[in-house]
Amino acid sequence: MKIQESGENYLETILILKNRNGFVRSVDIANELNFTKASVSRAMSILRKAELIVMEKNGNIVLTEAGLKKASAVYERHTTLSRFLQLALDVCAETAAQDACRMEHILSEETFDKIKEYVQARQSDCE
């Protein structure tokens, strides 16, 4: 099942919140993204049907193995693109993060791999 950009953003947010707080609930996602609880509930239903998350009885949202893989890939794209914009173009961190959020969904694998190589080489040069 192909996940839309919004689904990828939800998965990435779940991963970030899990790393930050140790757990994730729908209300946490709604607060983080400034969305209504109803919107988050609908999205969680779609992600659950796609077998990317499970909802525990206590309300915690947990990424499945497939969900974690997808969320990690989106997050890697986001952080790498943000770093690229800062290193290569001297874009400020806030703007780079906002732009990376849009770019992460549309770049080809080939282009992303080249950007990733660039960032890794530049970071190695700085160490």
Side-chain angles (χ1 to χ4, degrees):
M1 171 183 245
K2 174 91 169 94
I3 296 299
Q4 301 293 326
E5 178 179 333
S6 62
E8 290 182 346
N9 285 334
Y10 277 109
L11 291 172
E12 181 181 24
T13 300
I14 292 167
L15 177 65
I16 291 167
L17 289 170
K18 169 71 171 149
N19 290 339
R20 184 188 310 155
N21 303 333
F23 62 91
V24 182
R25 299 164 301 152
S26 291
V27 67
D28 301 321
I29 298 168
N31 290 336
E32 183 76 12
L33 297 175
N34 201 26
F35 290 168
T36 65
K37 291 177 191 172
S39 294
V40 173
S41 179
R42 177 163 161 39
M44 294 307 101
S45 176
I46 292 168
L47 294 176
R48 192 171 48 248
K49 287 176 186 168
E51 299 181 350
L52 296 169
I53 64 164
V54 293
M55 301 280 291
E56 295 180 333
K57 291 182 182 188
N58 63 3
N60 285 341
I61 298 167
V62 178
L63 294 166
T64 64
E65 187 176 329
L68 178 59
K69 182 177 178 183
K70 184 66 174 171
S72 297
V74 173
Y75 185 68
E76 178 189 29
R77 280 177 161 251
H78 180 94
T79 56
T80 301
L81 289 168
S82 182
R83 192 71 186 124
F84 170 76
L85 294 170
Q86 292 172 67
L87 287 170
L89 306 176
D90 200 26
V91 174
C92 75
E94 185 178 338
T95 301
Q98 291 170 355
D99 289 347
C101 193
R102 291 186 209 85
M103 295 168 61
E104 67 197 25
H105 307 286
I106 60 172
L107 282 180
S108 69
E109 283 298 317
E110 179 183 2
T111 300
F112 175 72
D113 288 344
K114 293 296 184 182
I115 289 172
K116 186 175 174 180
E117 287 175 18
Y118 175 88
V119 169
Q120 290 172 340
R122 284 291 304 267
Q123 287 180 330
S124 294
D125 291 345
C126 295
E127 294 174 354

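If you read the sequence from its start, that first residue is 1, and numbering goes on from there. Remember, it's a predicted structure, so these values are computed and weren't measured experimentally.
- The shortest distance between side-chain heavy atoms of Leu107 and Leu81 falls below 4.5 Å.
- In this structure, the side chain of Ser41 does not engage the main chain of Lys37 through any donor-acceptor pair within 3.5 Å.
- No more than 12 heavy atoms of other residues, nucleotides or ligands shown are found within 6.0 angstrom of OH on Tyr75.
- Residue Arg20 places its CZ atom among more than 12 non-hydrogen atoms of other residues, nucleotides or ligands, all under 6.0 Å distant.
- Other residues, nucleotides and ligands contribute at most 12 non-hydrogen atoms within 6.0 Å of the CD atom of Glu65.
- Each of His78, Gln4, His105 was compared with Asn9 under the side chain to side chain donor-acceptor pair (under 3.5 Å) criterion, and only His105 meets it.
- Atom CZ in Arg83 sits 10.5 Å away from atom OG1 in Thr80 (nearest 0.5 Å).
- Under the 4.5 Å side-chain criterion, counting only non-hydrogen atoms from C-beta, Val40 is in contact with Tyr10.
- Between Lys70 and Leu63 the shortest side-chain heavy-atom distance does not fall below 4.5 Å.
- With salt bridges taken as basic N to acidic carboxylate O contacts below 4.0 Å, none links Arg77 and Glu8.
- Every pair passing salt bridge (charged side-chain N to carboxylate O under 4.0 Å, His left out) that includes a residue from residues 21-30 is listed here, sequence neighbours excluded: Arg25-Asp28.
- Expressed to the nearest 0.5 Å, how far CG of Leu47 lies from CD1 of Ile14 amounts to 6.0 Å.
- Taking the side chain as every heavy atom from C-beta outward, Leu85 and Gln98 never approach each other to under 4.5 Å.
- Once rounded to the nearest 0.5 Å, the distance linking CG of Leu89 with OG1 of Thr95 reads 12.0 Å.
- Residues Val74 and Leu17 do not share a hydrophobic cluster, clusters being chains of Ile/Leu/Val/Met/Phe/Trp/Tyr side chains in contact below 4.5 Å.
- Residue pairs that meet the salt bridge (charged side-chain N to carboxylate O under 4.0 Å, His left out) test with at least one member in residues 87-99, sequence neighbours left out, are Asp99-Arg102.
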**Item:** side-chain hydrogen bond (donor to acceptor under 3.5 Å, both in side chains) assessment of Ser72 paired with Glu76
**Value:** CA-CA 6 Å; Ser72 297; Glu76 178 189 29; over 6 Å; no
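- Considering only residues two or more places apart in sequence or on other chains, Phe23 meets the ring-ring contact (aromatic ring centres under 6.0 Å, His included) condition with none of them.
- Under the 4.5 Å side-chain criterion, counting only non-hydrogen atoms from C-beta, Arg122 is not in contact with Phe84.
- Taking 4.5 Å as the limit, every side-chain heavy atom of Asn60 sits out of range of all side-chain heavy atoms of Lys18.
- Summarising the geometry, atom OG1 belonging to Thr64 is positioned 8.5 Å from atom CG belonging to Leu11; distances are rounded to the nearest 0.5 Å.
- Heavy-atom contacts from other residues, nucleotides or ligands closer than 6.0 Å to CD of Glu51 number 12 or fewer.
- To the nearest 0.5 Å, atoms NZ (Lys69) and CG (Leu52) are separated by 11.5 Å.
- Here the side chain of Thr13 pairs no donor or acceptor atom with the backbone of Ile29 at under 3.5 angstrom.
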